[in-house]
Structures are given as structure tokens and as C-alpha cells.
Amino acid sequence: MANQKQSGPEPPIKVSTINCIDLSNPDIGESVALLKQACLDCGFFYVVNHGISQEFMDEVFAQSKKFFYLPLNEKLKVLRNEKHRGYTPMFDEVLDPDNQVHGDYKEGYYIGVDVPENDPESEKPFNGPNVWPADGVLPGWRQTMEKFHHEALEVGKAVSRIIALALDLEVDFFDKPEVLGKPIATLRLLHYEDQFSDPAKGIYGAGAHSDFGFITLLATDDVMGLQICKDKDAKPQIWEYVTPIKGAFIVNLGDMLERWSNCMFKSTLHRVLGNGQDRYSIAYFVEPNHDSLVECLPTCKTEKSPPKFPPIRCSTYLSQRYKDTHADLSVYEKHQA
């Protein structure tokens, strides 16, 4: 069969095959083996039977859409603050500045661990009170998001226990008070505009990046858009779509875990391409406590493979990565005058 000439800048659609971890599987050894293979291979896997009902997942998506349907002036009333709480407008984030002509074609909403202003802990980066739409504008919205934040953290902790076993650590290495006891856990609602991405012109739903932290849980609607690149050094890079599975989380490893594991486990480049449809997703970023020291794990270093990175505190690392990718808040002051 003759080769067909591609009409656009992208090669034919290629769909990735990634492992699926069933959190209800009584055979923990099987789950550990599947997860370890995924972490060595591409750093992405599905998680199913995670304990959050489909009915509730549907409700969270419905409530997310209600927020993004609001007029822009209403959304700007809850604009992202310096603690990364609240609304992020279209183009606020530039994840791949070398290849993007402007920011991502997406808007978002950050919800973190709620820490009252009068609590000394609120002085720390990423800590503080959440920002919420007025209850009269979106009744019950806050309660839905707080419940999901709590339930998603439990899923993240369950996944962290399998990761610990896959790294030959004690099962609770990550799920203990000094690591995930007071985590920097951030829920981010996302809406991608109904436009077409064109990598050849530097237009992306979300530019190519690897996540900053420990692990990310991603729930998506049924619109294709997420792509991963298993070998970021390949020339040219080969991008593969990750198929949405209803009710599943797509889990990926962040740079912090790659650092922790001395590059044994991979954080993988991924991006989002728009196909002319609105797309909604919900990302949940699981990061350790502020003061957790991220240093080479004892099971990940040998004489032939000494630690590749110096130790660093979790909040120090995350603060720099967020600063590098988000717009300065002063650019929005004219909208709030």
C-alpha cells in the first residue's frame, strides 16, 4: 500500500499502550510488578477501582463545567493568588516556552489544602485559605470540591504504597506523617478551549512538559487530547495519545519522584493537543509535606550509580518550578481595577 501524504504537521495518530493497576486486586505482587514496569517504561499508568464512585466523578465534572461557563468577569473575582489558589485565565501558563508562541489554550482553577490565615502554617508557600466562588453563584460547589480533594488524596496514598514496594522500600515509606502527613496536595480543574492545536505553529492546548512533583492523578472526559513522549531525547520525538477510560485515573510520575529514585523511575513529557472540541479534565497533584527532604532513596543508589542530584526541600523545589511556568500576577491588575 502506498504511503499517504500527511495533510497536517502531525504524523498519523498513534495510541499508547499503558498498564492498568486495579486497586481492588488482592494480589499486591501483581500490582507492584505492573506498576514497576510502567514506571521504568513510560511513567504513566491507569488506576481503576480506586474507591471514588462514577456518580460522584460525574458530579465533579458537572460542577467544574458550571464554573467555566461563568462570564469572565465573574471568574476574575476569584483570580489565582500568590498561594496558587483560584482561577487561572487562558494563556496564564506557558509550559514549553521554547516552542509555544503564547501560553496554553486552557483555563484552570486551583484548590489546595485549606489552611486558615491565622494558622502559622499558612506562612508556608502553597499553604493558605482556598478561594471560592460565592455560594450564591455556585451553590454546593465548594462542598463538592472539598469532598473530591479529600477522596483523591486517599487514592494518591494508595498508589504511593505500591510505588514504595516497587522501589523495594517499606510499604509506608511515602504514606507516613513526615512525608504525606501534611501534603501539598492540589486539585486543578481544567478547561481546554475548542480550538485546533498546531505544533508546527507553536499552538498547544498545553505545551510539552513533565509534572513537577511526586505523582499526578488525572481524570478526563472522553475527548482525546493527552499525548505522551516516552523518549524525550529521540529525534524526532514520537508522540502517542493516551486513551481516556471512563472512571479511571491516568497516573503519571513527576520530576520529584524521578529525582528521588535517582532517575530509575521516569517522569515523562506530555502535552495536550486540541481537536476543535471543548475538553475538560481534573488533575490532582500529590506532593509531600513542605519540609520533606527529597534525596536519593537508599534502594536507588549503588557504587556505579551514585546520587545524581543534591538533596532539596519539597517546597523549595516546587516554588521555583511554579515561578518558572506561570504569569506574574501583576499582568492581571488592569482587569481588577
Check step by step if side chain to side chain contact (heavy atoms under 4.5 Å, CB included) holds for Phe67 and Leu138. CA-CA 7 Å; Phe67 174 79; Leu138 292 175; 3.9 Å; yes

Is it the case that Lys176 places NZ or CZ above or below the six-membered ring of Phe173, under 6.0 angstrom from the centre and within 45 degrees of the axis?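 Flagged: Lys176 positioned over aromatic ring of Phe173.
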
Aromatic rings [X] and [Y]: how do their planes relate, parallel, tilted or perpendicular, breaks at 30° and 60°?
X      : Y      : answer
Tyr284 : Phe148 : perpendicular
Phe174 : Trp260 : perpendicular
Phe249 : His50  : tilted
Trp141 : Trp132 : perpendicular

Going by the salt bridge (charged side-chain N to carboxylate O under 4.0 Å, His left out) test, name the single residue among Lys182, Arg313, Lys124 that passes it with Asp291. Lys124

List the steps, then state whether side chain to side chain donor-acceptor pair (under 3.5 Å) holds for Ser210 with Asp255. CA-CA 7 Å; Ser210 53; Asp255 297 339; 2.7 Å; yes

Please step through side chain to side chain contact (heavy atoms under 4.5 Å, CB included) for the pair Glu287 and Phe126, ending with a clear verdict. CA-CA 11 Å; Glu287 328 292 15; Phe126 306 103; over 6 Å; no

Intermediate values then yes/no, side chain to side chain contact (heavy atoms under 4.5 Å, CB included), Val15 and Met224: CA-CA 10 Å; Val15 177; Met224 290 277 268; 4.2 Å; yes

Please assess Gln54 against Asp58 for the test side chain to side chain donor-acceptor pair (under 3.5 Å), listing each intermediate value before the final yes or no. CA-CA 6 Å; Gln54 186 60 53; Asp58 292 343; 2.8 Å; yes

Mind checking whether Leu35 and Val48 sit in one hydrophobic cluster, side chains of I, L, V, M, F, W, Y counted as touching below 4.5 Å? no

Using a 4.5 Å cut-off on heavy atoms from C-beta on, say whether the side chain of Arg271 contacts that of Pro199. yes

Please test Tyr87 against Tyr110 for ring-ring contact (aromatic ring centres under 6.0 Å, His included), starting from the C-alpha separation and ending with a verdict. CA-CA 6 Å; Tyr87 175 63; Tyr110 280 116; over 10 Å; no

Walk me through it: do Tyr241 and Leu273 pass the test side chain to side chain contact (heavy atoms under 4.5 Å, CB included)? CA-CA 10 Å; Tyr241 279 98; Leu273 297 190; 4.1 Å; yes

As an exercise, state the distance from CG of Asp96 to CG of Leu269, rounded to the nearest 0.5 Å.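 Asp96 CG to Leu269 CG: 8.0 Å, rounded to 0.5 Å.
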
Can you name the residues that form a salt bridge (charged side-chain N to carboxylate O under 4.0 Å, His left out) with Glu107, not counting sequence neighbours?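 Glu107 satisfies salt bridge (charged side-chain N to carboxylate O under 4.0 Å, His left out) with Lys75 once adjacent residues are dropped.
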
Do the ring centers of Phe212 and Phe285 come within less than 6.0 Å of each other?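 No, the ring of Phe212 stays outside the 6.0 Å limit from the ring of Phe285, centre to centre.
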
